[in-house]
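Beneath this line is the structure, given in structure tokens, with notes to follow.
We name chains A, B, ... by the order of the sequence lines, and we start the count at 1 in each one.
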Amino acid sequence: MSELPMTDESAGRQAYLAELNEAQLEAVQALDGPVLLLAGAGTGKTRALTTRLAHILATGRVASPGQILAVTFTNKAAREMKNRVAALLGRDSVEGWWLGTFHSQAARILRERAERVGLRRDFTILDADDQLRLLKQLLAAENIDDKKWPARSLMAVIQRWKDRGLTPDRVSADDGAGDLAGGRMLGLFRAYQERLITLNACDFGDLLLHNLTVFQSDPEALADYHRRFRYILVDEYQDTNVAQYLWLRLLAQKHHNICCVGDDDQSIYGWRGAEVGNILRFEKDFPGARVIRLERNYRSTGRILAAASGLIAHNEGRLGKTLWTEDEEGEKIRLLGLWDGEAEARVIGEEIETLQRRDPDLDLNTIAILVRVGSQTREFEERFLTLGLPYRVVGGPRFYERLEVRDALAYLRVVHSTFDDLAFERIVNKPKRGLGDATLQCLHQAARGLGVPLFEAARALLGTAELRPAARRSLAALIEDFERWRDLARTASHVELTETVLEESGYLEMWRNDKTIEAPGRLENLKELVGAVAEFDTLAGFLEHVSLVMEVLEAEGGSMVSVMTLHAAKGLEFDTVFLPGWEEGLFPNQRTLDEGGHRALEEERRLAYVGLTRARKRAIISFAANRRMYGSWMSTIPSRFVEELPADQVEVESDQGLYGSTFSGLGGRSHGGEFGGGQWVGARASPGFARARERRQAVPFIEVEAREVHTLPGGTVAVGARVFHRKFGYGAVRQVEGEKLTIAFDKAGEKKVMASFVVPAAEAS
DNA sequence: ACCGAAAAAGTTTTT
DNA sequence: CTTTTTCGGT
């Protein structure tokens, strides 16, 4: 950008402004005072936001980029914004700017002000697992029956309080505590908070909560941040909770230069404390606010937009927007009615192959399958594996949540902080050192008596006769190890430290000696962890990253279909979107409905809206008549959302004579409506089903050709054989069930694959 | 203290 | 159905 401050007029001639439409331009140029940008799906929201940020800099309104605070909701959105801002400004990085998730920015502030809330600067951020273990300990100490009051649900209560910006002393008596945990819920909350301070730790909610305490109890500190942040940008405002809202309001109350971007129709995090009310109330909260609507959609065809708009119109209490597009009408939304989840996965696989046949250069990255719950991804994985169709599951099991990685991190945490009892407990007997329950109980007692962390208590106990000689010797060795590692931390690089700790602790050795098939994969993960450590300047920096960003960036892996939850898909777009599992109970989700009633139903509907509006060219919705849940079969009926779609935008293709009057509003093109009187009945033997089968088989299968190419020479498949798979690499055959092999892959873990997709290991090289 | 078997629980969604 | 937790025997 230019060195010289520009007036709005000269900046108006900047190239980056020329590409904006009228509403976007208004959003970019209305720099001063509060602005609410109501941006519908696909209306160029991120472009407006990033350009606005560039424009603040270009017009010389701030002396340095550090005077702009820009917050997003997810790490993914933060990354996207960083990249786009950098690209727009022609820089290679925006490192050090105040641009990130609410939680990461709040953590940064809290590091500067930790003492104010009784924490040390090097406090640890606990993950969900640690939180739960901590609460369980408290339940045990307070003699609260965790059968009757599961720690998980009590934890949720605490989290909801924190989401609302409430500390224990601010929770009012009538505030939901009721008879929870035998009426001792509030006391439990207080004990939990006290324990966190003792541990020099905080949880996710505390990052925001402690910030609020700092701002409210220390006017000097708040004034300092007012001096620092002259402009505030907020993405996905509809997803903010009360604590985040208060945080923003405190930070913006001096300059009022706050711009919130959001779409009330895409609010899908109510279950996590998000308040749609924040966005609905904006004009009241920030007097004189300008409201700008972005309504021109650049993403989807007319039909997709019409279907999505028709669906979301069933919600009440919307701010209301009219999305429009100059794009063509496009294809109708297709609705597939199928027998069960397996058939659904098979048909979607076939649809993708049809698309591939139609366009041999098709980039699979333009295709996504968006599901309601993570467990739905399995059926697709299994099917795509047999088809040899490349896919990626976005947001699947996370690297930092794996057992071995968490153990390794616990070692590092203990090295880094003597206060981290949770980490200490986790690794004290891993590998086995003969320090079991009895020893640990003794340690806890001593720690409580002396008022010191477990690590210190351990040191103190060594001088007494309380422990049995064997345990004492073992514990002494461990303490000595940690002291040596802490010395090493001062001199050696943190990579070297990590390697040394893992090696000398015997942790690596433990996995090397482990004969289970997971062991090699776990060692591989530990190696990867060391690689991740190497990317950070300091151990503290690495640990902070791990706790705030649980995910690991996956390498771009070429052309692959994406499978992910609807939540994970927000903000993304694809040419073709498959939306399976539109069944009552699954979507809308029964559990959600039970908890949240009508409010929750509307949120589910918004989730459907989000799913549909991810599609650029085509959307294919499907539902199954039968679905397996924890091993038992459930018969299901189509989601009410199916009926809420405008009939003239939808084409129904139900193969099975299972399509009935329940959603006659759609005017069917059923292939077998005469069976079962249009009810969801049917058996595998029914004529409708048999006919559906026939019809299926008439479609040529691509995998037939593939199978001939890859077939393993007959008879060579045996348990124990080494094989190679083009996606998972090398592995050993564990089990053979006809054509289905269970293979323990060296890197990918255990998978079921068809014999036709592996070759003997020797031949592959 | 440790190991295995048996029982129970769990599936929303994420920082 | 899978994964985690609990229990009882050594």
Exceeds 12 heavy-atom contacts within 6.0 angstrom, atom CG of A:Asp594: yes

Atom CD of A:Gln445: over 12 foreign heavy atoms under 6.0 Å: no

Nearest-nucleotide pick for [X], side chain only, options being [options]:
X        : options               : answer
A:Val373 : B:dA1, B:dT15, B:dT13 : B:dT13
A:Asn429 : B:dA1, B:dC2, B:dT13  : B:dC2
A:Arg591 : B:dT15, B:dA1, B:dT11 : B:dT11
A:Trp271 : B:dA1, B:dT12, B:dT13 : B:dT13
A:Arg152 : B:dA1, C:dT5, B:dT11  : B:dT11
A:Lys136 : B:dT15, C:dT5, B:dT12 : C:dT5
A:Asn589 : B:dA1, C:dT2, B:dT12  : B:dT12

Residues touching DNA chain B, which here means a heavy atom under 4.0 Å, drawn from residues 598-614 of chain A: none

Atom-pair distance (NE2 on A:His545; P on B:dT15), nearest Å: 12 Å

Geometric class of the A:Phe102/A:Phe73 ring pair [parallel <30°, tilted 30-60°, perpendicular >60°]: perpendicular

Sugar-phosphate only, base, or nothing, as touched by A:Glu595 at under 4.0 Å among non-hydrogen atoms: base

Touch class at under 4.0 angstrom, heavy-atom based, for A:Phe102 against every strand present: nothing

Is the phosphate of [N] approached by [X] (side-chain N or O, under 4.0 Å from OP1 or OP2)?
X        : N      : value
A:Arg433 : B:dC2  : no
A:Ser375 : B:dT12 : no
A:Asn241 : B:dT15 : no
A:Thr565 : B:dT14 : yes

Minimum heavy-atom distance between A:Ser267 and A:Glu603, given as atom pair plus value: O-CG, 3.7 Å

Donor + acceptor pair across side chains of A:Asn315, A:Tyr609 (<3.5 Å): no

Proximity of A:Phe215 and A:Tyr225 rings by center, below 6.0 Å: yes

Test of ring centre spacing under 6.0 Å for A:Trp271 and A:Tyr269: yes

Watson-Crick or G-U wobble mate for B:dT12, both contacts under 3.5 Å: none

For B:dA5, the Watson-Crick or wobble partner whose two distances fall under 3.5 Å: C:dT6

